[in-house]
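All residue numbers refer to positions in the sequence shown, counting from 1.
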Amino acid sequence: MASWEVSEEEIHAAEKLLLQEGCSFAEDAKEVIRFWNSTDVSACPGSGKTTVLLAKLKIIADRMPLEDGAGICVLSHTNVAVNEIKSKLAVYADRLMSYPNYVGTIQTFIDHYVTFPYLRSLTKEPLQVVDERTCAQHLWSAVTSHQQYSKLRFFIRQRYQQSNDNITDIVDYVKGLYLSNGDLYHEKQKTRLAGNDSPSARQYASARQQLLIDEGLLTYSDAYRYAFEAIDKRPDLPGLLSRRFRFVFIDEFQDCDSNQRRILDLVFDKTHCSVMRIGDPDQAIYNSDRDKTEDWVPEKDALTIASSNRYSQEIADILTPLRSGGSPIVSLRGSNGIVPAIIVFDDTTRQKVIGMFISLLEKHQINDPGGTYKIIGWIKSETSKGLKIGDYWENFQADTGGLAETKYWSMIDAICGELKQGKAYRAENVLRKILVRILKYHNCKDDDGSTFTYSSVKKTLDEEYFDVYRGAVLDLLELFEYNREFVDQVVRRAINTMLGSDEKPADAFSGLPTHFMEDKVEARKKSEGSNVFLDPIRGRRLQVSTIHKVKGETHDATLYLETVNNRKSDLERVIPHYKGTKVGTARIDNYSRKCVYVGFSRPRKLLCVAMRAETYEASGKAFVGWEVYDCRSADSDIIR
């Protein structure tokens, strides 16, 4: 492994490239830039850890090629690293993102280098990782279509009829089934449903395996299981990957689940490569309060970046009590004279909270019309019994989220994306997947009476529908604009032609399942576009969102809304951290702390917290030093 000395000139060159004029890296950040051995890095919110990582990548790029043809591996949960390299290290982008390097998501890395090579030895179908609901739909369809699963079919129907949990339909019940050591369980029942030697458990295992073999279908949890199988069957794999990637950087490590952590620990040998795990354990909010993944605890000799360039020292001091260990944060911006504020309300004045927030923006002259102003909370569900985001503003629409890769409109969008990149063969692959799905829903069989698969349908297309199908592909290529409307028209016309006759064109899209045709992308856009409160004074756009959606963002001002989960609010659970009294030990207490920590650390200038009167009155001296504004007061300066 490299033991490089990084000069001040190299640090200055990185600062000039990556930072605003006149800015420089803090000393703790420079220590991370200069360190090349395996270590953990614990970075506070707004510490610029991604910029620090980019500085290290620039230094590595200047020294490429590496010894023995080795490369680097940069992993995160999204493609943020890819985008940052392209925008801020454009001169180095080709060098950093080409062989032998890998820059991308953790999931894609595991699939590409570990899981999929193994699965290709089990099936010749294109592999598709889908959500649990989609997998359950395909599984139940297979179980009801094949006599070999008769005992499992009877078992599922009987158990579903007996269930009294909050289960919407039989597919929802199937979604909850899983195997553990060969035994069959349901996620909403603690006891075993069937032993590993029972026909039901054996048929369930067989049906899941057949989905992989016949359709290339697997879930995200399946992908992990197969990854561990692949590592077990390839003991040489860790050595190969550790020599291939000399430097491994894992960003946002706190958001890795237990499976991701185990797999990454198994495939990278720290004696052969340098592994740097970067994150903030106090921002681990993507594993829910019911998730059993333990918080990431950085190693004892971990490096730290405890200086932030996002918020003022007033906000930094508010964050310190919420940190595990309580270590202080130093604001590189210093103090701005704006003290964090509490807005107190009761049930009759709750909808005045946003108006008070606007009044405080006016008071502190935070009035940039292009600024970022967010109103955030934890609980959004419209069916929640306790206080939720929508209770503060009746026009809030909870985003249902989620989009399966095997939905019709998501595949149409995928075709658009491939065509824009000039990948005609990939667009054709997706078109064929759409056709197979529709053939399946219409119960169409091939000449042997078997259900069409991605591979088997090609023979029929070549022999019977060559002109129509190839004509559709050419029509796609010749579109003057690759948008979903035009692509949808071509796809519908081709499929209707193939499934119809000269006398009577088919309407293949009539009667298709709602779950296949639903367009959650459009629903999400509509929802997000409507969750904007327009300030009547200056026209500021106050976006109403959730804590989870704004993680990683920086706002000019943030209004944090108290919400209730499991009969207690997030703010009630964090009060002991400010009072110095005993904190709750339940998993939800720790999760609430992290949600509040993430929410409080978003704003650059003003942090406001909406708090129920009973919560504030029971807090004692927990919030001494905060400014307090009471919506119940008749003389409060409130914009209604």
| field | Residue pair T558 / H555, side-chain donor-acceptor N/O under 3.5 Å | value | yes
| said: Go through it in stages, so that I can follow the logic: the residues are D222 and T219, the test is side chain to side chain donor-acceptor pair (under 3.5 Å), and I'd like the CA-CA distance, side-chain angles, deciding distance and then a yes or no. | reply: CA-CA 5 Å; D222 288 334; T219 66; 3.1 Å; yes
| Which residues share a ring pair (Phe, Tyr, Trp, His ring centres under 6.0 Å) with F253, sequence neighbours left out | W296
| message | I need the L571 CG to C595 SG distance, nearest 0.5 Å. | response | 11.0 Å
| note | ring pair (Phe, Tyr, Trp, His ring centres under 6.0 Å) filter on W140, not counting sequence neighbours, yields none
| Test side-chain contact (heavy atoms from CB on, under 4.5 Å) applied to F35 and L303, step by step | CA-CA 9 Å; F35 197 87; L303 300 178; 3.8 Å; yes
| query | Got a second to check how far D570's CG is from Y591's OH, nearest 0.5 Å? | reply | 11.0 Å
| query | Between the main-chain N or O of D169 and the side-chain N or O of D172, is there a donor-acceptor pair closer than 3.5 Å? | reply | no
| request: Could you check Y224 against Q260 for side chain to side chain donor-acceptor pair (under 3.5 Å), going step by step and ending with a plain yes or no? | output: CA-CA 8 Å; Y224 290 133; Q260 290 172 327; 3.1 Å; yes
| said: As a quick check of understanding, evaluate side chain to side chain donor-acceptor pair (under 3.5 Å) for Q543 and T372, giving each step before the final call. | reply: CA-CA 8 Å; Q543 294 180 302; T372 302; over 6 Å; no
| said: Does K270 form a salt bridge (Lys or Arg N to Asp or Glu O under 4.0 Å) with E299? I'd like the steps, not just the answer. | reply: CA-CA 14 Å; K270 293 181 181 179; E299 297 171 344; 3.4 Å; yes
| task | Please tell me if the side chains of R277 and V41 come closer than 4.5 Å, counting only heavy atoms from C-beta onward. | result | no
| With sequence neighbours excluded, what pairs up with R34 under the side chain to side chain contact (heavy atoms under 4.5 Å, CB included) test? | V6, E8, I11, K30
| Any donor and acceptor pair, going by atom type alone, linking the side chain of D265 with main-chain N or O of R262 inside 3.5 Å? | no
| task | Side-chain contact test, heavy atoms from C-beta onward, threshold under 4.5 Å: evaluate it for S198 versus F155 and give yes or no. | result | no
| query | Do K380 and K388 come within less than 4.5 Å of each other through their side chains, counting heavy atoms only? | reply | no
| query | N531 side chain to F396 main-chain N or O, any donor-acceptor pair under 3.5 Å? | reply | no
| field | Any Y204 side-chain heavy atom under 4.5 Å of L177 side chain | value | yes
| query | Hey, does H186 have a side-chain heavy atom less than 4.5 Å from the side chain of I167? | reply | yes
| remark: Paired with K594, the side chain to side chain donor-acceptor pair (under 3.5 Å) test is passed by just one of D295, D280, D282, namely D295
| task | Answer yes or no: is there an ion pair linking E229 with R225, defined by an N-O contact shorter than 4.0 Å? | result | yes
| Donor-acceptor contact below 3.5 Å, side chain S47 vs main chain C44 | yes
| CD1-OG1 distance between I106 and T108, expressed to the nearest 0.5 angstrom | 10.0 Å
| Is the backbone of W36 close enough, under 3.5 Å, to the side chain of S274 for a donor and an acceptor to pair up by distance? | yes
| Is a side-chain donor or acceptor of H77 paired with a backbone partner of E252 at a separation under 3.5 angstrom? | yes
| message | Quick check for you: to the nearest 0.5 Å, what is the distance between C73 atom SG and R244 atom CZ? | response | 8.5 Å
| query | Do the charged groups of E215 and R437 touch, with an N to O distance under 4.0 Å? | reply | yes
| message | Which label fits F268 and F245: parallel for a plane angle under 30°, tilted from 30 to 60°, or perpendicular past 60°? | response | perpendicular
| Minimum-distance pair of heavy atoms, taken over all atoms of R573 and S592 | CD-OG, 3.3 Å
| request: Look up atom CD1 in I60 and atom CZ in F247, then write down how far apart they are to the nearest 0.5 Å. | output: 5.0 Å
| query | When rounded to the nearest 0.5 angstrom, what distance separates CG in D251 from CD in E84? | reply | 10.0 Å
| query | If you draw a 6.0 Å radius around CG in D236, do more than 12 non-hydrogen atoms from other residues or ligands fall strictly inside? | reply | yes
| query | Any donor and acceptor pair, going by atom type alone, linking the side chain of S206 with main-chain N or O of R202 inside 3.5 Å? | reply | no
| request: Using atom types as modelled and distance alone, determine if a side-chain donor or acceptor of K407 lies under 3.5 Å from a backbone N or O of H515. | output: yes
| task | With ring pair (Phe, Tyr, Trp, His ring centres under 6.0 Å) as the test, would you mind laying out the steps for W409 and F516 before giving the verdict? | result | CA-CA 8 Å; W409 285 106; F516 176 66; over 10 Å; no
| query | Do I376 and T546 have side-chain heavy atoms sitting under 4.5 Å apart? | reply | no
| task | Indicate the ring-plane relationship of Y113 and F109, choosing parallel, tilted or perpendicular according to the 30° and 60° boundaries. | result | tilted
| Is there a donor-acceptor pair closer than 3.5 Å between any side-chain N or O of T563 and the backbone N or O of I379? | yes
| query | Do R159's NZ or CZ and the ring of Y173 fall within the cation-pi criteria of under 6.0 Å and 45°? | reply | no
| Can you check whether D269's main-chain N or O pairs, donor with acceptor, with S242's side chain at less than 3.5 Å? | yes
